[in-house]
Amino acid sequence: MQHLMSGITHKKLKQRETDVGLDVIEVDNQFCNAVIAVQGAQVLHYQQKHKAPVLWLSEAHRFQPTKAVRGGIPICFPWFGGHPTQPDLPSHGFARNRLWQLQDVTVQDDEHLLLFQLDSSDETYALWPHHFQATLQVRLGAQLQLTFSVLNKDQHAFDFSFALHSYFNIQDIHQTQVRGLLNTPFLDQLNPEKGDQQCEAQPISFTAEMDRIYQQAQGSYQIVSPLEAPIHIESTGCSSVVVWNPWAEKSARLGDIATGAWQNMLCVECGCVAAATVSLAAGQRIEYQMAAFRD
Ligand code: BG6
């Protein structure tokens, strides 16, 4: 175990069954505690002091190198979902499966800031023929704040899509609603042939598997339930929001969610996906933000 600075520990999280280690950074300060995996720069846990955890992490997940952990906030980049033309390429891109570099750790106003970086390499070029640098700044205070940026180091423009695939921790999906997406058009990924649909004028509630991409989203959402304090989500620059719960049957198929645990998770994923794919000119850098916290 290595101490990086006050309130921060770098250690190996033991894989439960096969003992393969995953490098994680643990943070504990006056506002919160958090765990971030270096693989994928994936926030696995964030909890404000004296409040319930904001993020859900599957108890059934087996930690494996090059496989994203089910839960927390995997980063989908440089594509979202299946690759548009090569279905054999990894779902949700490769950023969540690769080791990022921890570049910097600082403290500002007693909050910890961690900066992770992922640079293109021969290996990423074989999957996606572009030169890029992606960074994720993780700010750990009374809110969890993520700033994701992409720099185009090519001589020409490239297209990418991305999502901060956040798994939120909820008490019961049947009693949970999402607010902030009224009258926002969505694509139902379970029935894509229906095309864009207009959301009904009421908060989203859940009675079956849901997998929707909302576009032209306004950036402020709340996960509410009579059972617990609301979770607030604020995003900047992210015009898409994916709302996903796999329900019982798909959870069983995925194989890394314990029986019944889908009732305690809800993904509200801010990003730019599908029709909102980003075109980034040579030499340009673009930045997106997302914050989450419990009342
Ligand atoms: C969601 C997608 O973002 O991620 C779903 O909308 C998908 O369609 C889910 O099933 C999980 O994907 P994965 O690759 O992590 O199992």
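Remember, it's 1-based here, ligands and their atoms both numbered in the order they're listed.
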Find the distance between CE (Met290) and CG (Leu136) and round it off to the nearest 0.5 Å.
9.0 Å
Output yes when a side-chain donor or acceptor of Gln39 lies under 3.5 Å from a complementary backbone atom of Lys67, and no otherwise.
yes
Grab the two heavy atoms, one from Ala292 and one from Tyr46, that are nearest each other, plus how far apart they are.
O-CE2, 4.1 Å
Are His92 and Phe80 an aromatic pair, judged by ring center distance below 6.0 Å?
yes
For ligand 1, give me the residues whose heavy-atom distance to it is below 4.0 Å, by chain and number please.
Arg70, Phe80, Ser91, His92, Arg96, His165, Gln189, Asp211, Val242, Trp244, Lys250, Leu254, Glu269
I'd like to know whether Phe132 forms a ring pair (Phe, Tyr, Trp, His ring centres under 6.0 Å) with Phe160, so could you lay out the CA-CA distance, the side-chain angles of the two residues, the decisive distance to 0.1 Å, and finally the verdict.
CA-CA 11 Å; Phe132 70 91; Phe160 71 88; 9.3 Å; no
Which of these passes side-chain hydrogen bond (donor to acceptor under 3.5 Å, both in side chains) with Arg294: His232, Glu228, Gln48?
Glu228
